[in-house]
Amino acid sequence: TDCQILGIELRDTRGLRAPARKRVNLPDGFNAYSLPAEVPPFISQRASWETIQQFKLGSAPGWEFKNRCVIPIFYKGKDVGYHARDVTGTAMKKYLNPTNWEIKDYVFNFDGCTPGGQLFIVEGAFSCMSMVEKGFTNTVATFGVKYTPVQVKRMLELDPSEVIICFDRDPSKVKDGKEFGHAGQKAAIRLGATLSQTLSVAIMALPFGLDPNQLPR
């Protein structure tokens, strides 16, 4: 199987429960963008104004949030944390998360999904927003290819009829026209095999160098 070829070890998560987790407040002074002019070009190029409002993107004072867009994370009607994205494209840390809080205890856009339907799974928050813009409202993001059993349980809470995994094919994993990194492929197959214990699963293979944010409508 693909799992054997890639040396993937599967974990059975059927007996696990997603525990109640610590939530954190949004940063002090957080303000959702109220006008398109407030949105940094780095963000407006990746999401429409309507999407920016829908997901309540904004900013916060303080040196740690300078040149960052704050992305609130919601779970069952409550803000449980945030993701602060660098808007310059130059920061050493692309994302800043609250200290002493585990972002991998949640999936992005949980509250935006309708239980019981087809569920798309992507890596990043902006890829998720892009999928929602394209009409795939039942999309969640795992904040990278490394997912956790708790995130699997969050997905299963949505009781999907089937899942489609659409992880990036990062151009940084291509050298001299050849693909040499398989992190996304391995993660997609591992996640797919775990979910296929109870669900119908498909994996969408993107062209090299593209992520869902770049797919046409």
Side-chain angles (χ1 to χ4, degrees), residues 3 6 8-14 16-19 21-24 46-47 55 71-76 79-85 93-98 101-115 117-134 136-160 162-170 172-173 181-206 210-215:
C3 296
L6 293 172
I8 293 172
E9 180 181 352
L10 300 179
R11 294 181 61 189
D12 188 344
T13 61
R14 286 173 291 184
L16 295 178
R17 291 185 177 181
R21 292 293 185 173
K22 177 183 177 181
R23 56 177 294 209
V24 299
R46 287 161 173 75
F55 287 93
I71 307 169
I73 299 169
F74 296 94
Y75 177 67
K76 295 187 176 180
D79 54 283
V80 293
Y82 61 85
H83 212 28
R85 173 61 154 98
K93 289 192 69 173
K94 183 187 295 187
Y95 288 101
L96 178 69
N97 301 320
W101 177 77
E102 181 51 70
I103 194 171
K104 293 287 190 174
D105 286 343
Y106 299 96
V107 293
F108 185 71
N109 194 40
F110 181 95
D111 283 10
C113 295
T114 301
Q118 186 183 61
L119 181 68
F120 282 80
I121 305 171
V122 299
E123 291 183 37
F126 281 99
S127 288
C128 180
M129 293 181 215
S130 178
M131 293 288 283
V132 171
E133 281 188 2
K134 294 177 175 73
F136 301 100
T137 54
N138 271 24
T139 301
V140 296
T142 56
F143 307 109
V145 296
K146 293 183 179 179
Y147 64 91
T148 66
V150 176
Q151 287 180 313
V152 170
K153 287 302 180 184
R154 300 293 185 210
M155 298 173 207
L156 294 178
E157 284 180 44
L158 292 169
D159 192 27
E162 65 174 336
V163 297
I164 298 176
I165 305 168
C166 187
F167 283 172
D168 302 354
R169 293 185 76 179
D170 196 329
S172 67
K173 299 181 177 70
H182 298 281
Q185 184 182 15
K186 283 185 175 182
I189 292 174
R190 186 185 301 113
L191 176 57
T194 298
L195 292 171
S196 67
Q197 297 169 14
T198 56
L199 294 169
S200 171
V201 177
I203 296 174
M204 182 186 294
L206 300 179
L210 292 185
D211 60 39
N213 203 47
Q214 299 165 300
L215 294 177

| request: Let me see the working for Glu157 and Lys76 under salt bridge (Lys or Arg N to Asp or Glu O under 4.0 Å), right down to the final yes or no. | output: CA-CA 11 Å; Glu157 284 180 44; Lys76 295 187 176 180; 3.5 Å; yes

Looking only at non-hydrogen atoms, find the nearest pair between [X] and [Y] and report the distance.
| X | Y | answer |
| --- | --- | --- |
| Asn109 | Thr137 | ND2-O, 3.3 Å |
| Pro160 | Leu199 | O-CD2, 3.1 Å |
| Ala141 | Gly124 | CB-O, 3.4 Å |
| Ile203 | Ala188 | CD1-O, 3.5 Å |
| Gln118 | Glu162 | NE2-OE2, 2.8 Å |
| Asp168 | Ser127 | OD1-OG, 4.2 Å |

Tell me, do [X] and [Y] make a side-chain contact under 4.5 Å, heavy atoms counted?
| X | Y | answer |
| --- | --- | --- |
| Ile73 | Asp79 | no |
| Phe108 | Thr139 | no |
| Thr148 | Lys104 | yes |
| Leu96 | Tyr82 | no |
| Arg154 | Tyr75 | yes |
| Leu191 | Val152 | yes |
| Pro212 | Ser130 | no |
| Ile71 | Phe55 | no |

To the nearest 0.5 Å, what is the distance between [atom1] ([X]) and [atom2] ([Y])?
| X | Y | atom1 | atom2 | value |
| --- | --- | --- | --- | --- |
| Ile164 | Phe120 | CD1 | CZ | 3.5 Å |
| Gln151 | Asp105 | CD | CG | 8.0 Å |
| Leu119 | Met155 | CG | CE | 7.5 Å |
| Thr194 | Ile189 | OG1 | CD1 | 12.0 Å |
| Asn213 | Cys128 | CG | SG | 10.5 Å |

| Which is it for Cys166 and Ile121 under the side chain to side chain contact (heavy atoms under 4.5 Å, CB included) test, yes or no, and what are the steps along the way? | CA-CA 6 Å; Cys166 187; Ile121 305 171; over 6 Å; no

| request: Evaluate the criterion side chain to side chain contact (heavy atoms under 4.5 Å, CB included) for residue pair Phe167 and Ile165; output intermediate values, then yes/no. | output: CA-CA 6 Å; Phe167 283 172; Ile165 305 168; 4.0 Å; yes

| task | Measure from the ring center of Tyr106 to the ring center of Phe143 and say whether it is less than 6.0 Å. | result |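 No, the ring of Tyr106 stays outside the 6.0 Å limit from the ring of Phe143, centre to centre.
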
| message | Taking NZ in Lys134 as the centre, count heavy atoms belonging to other residues, nucleotides or ligands within less than 6.0 Å. Is the count above 12? | response |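 Enclosed: over 12 neighbouring heavy atoms sit under 6.0 Å from NZ of Lys134.
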
| field | Side-chain donor or acceptor of Asn138 paired with backbone N/O of Thr114 under 3.5 Å | value |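 Yes; at least one donor-acceptor contact below 3.5 Å.
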
| Positive for ring-ring contact (aromatic ring centres under 6.0 Å, His included) with His83, one of Trp101, Tyr95, Phe126 |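 Output: one option passes, namely Tyr95.
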
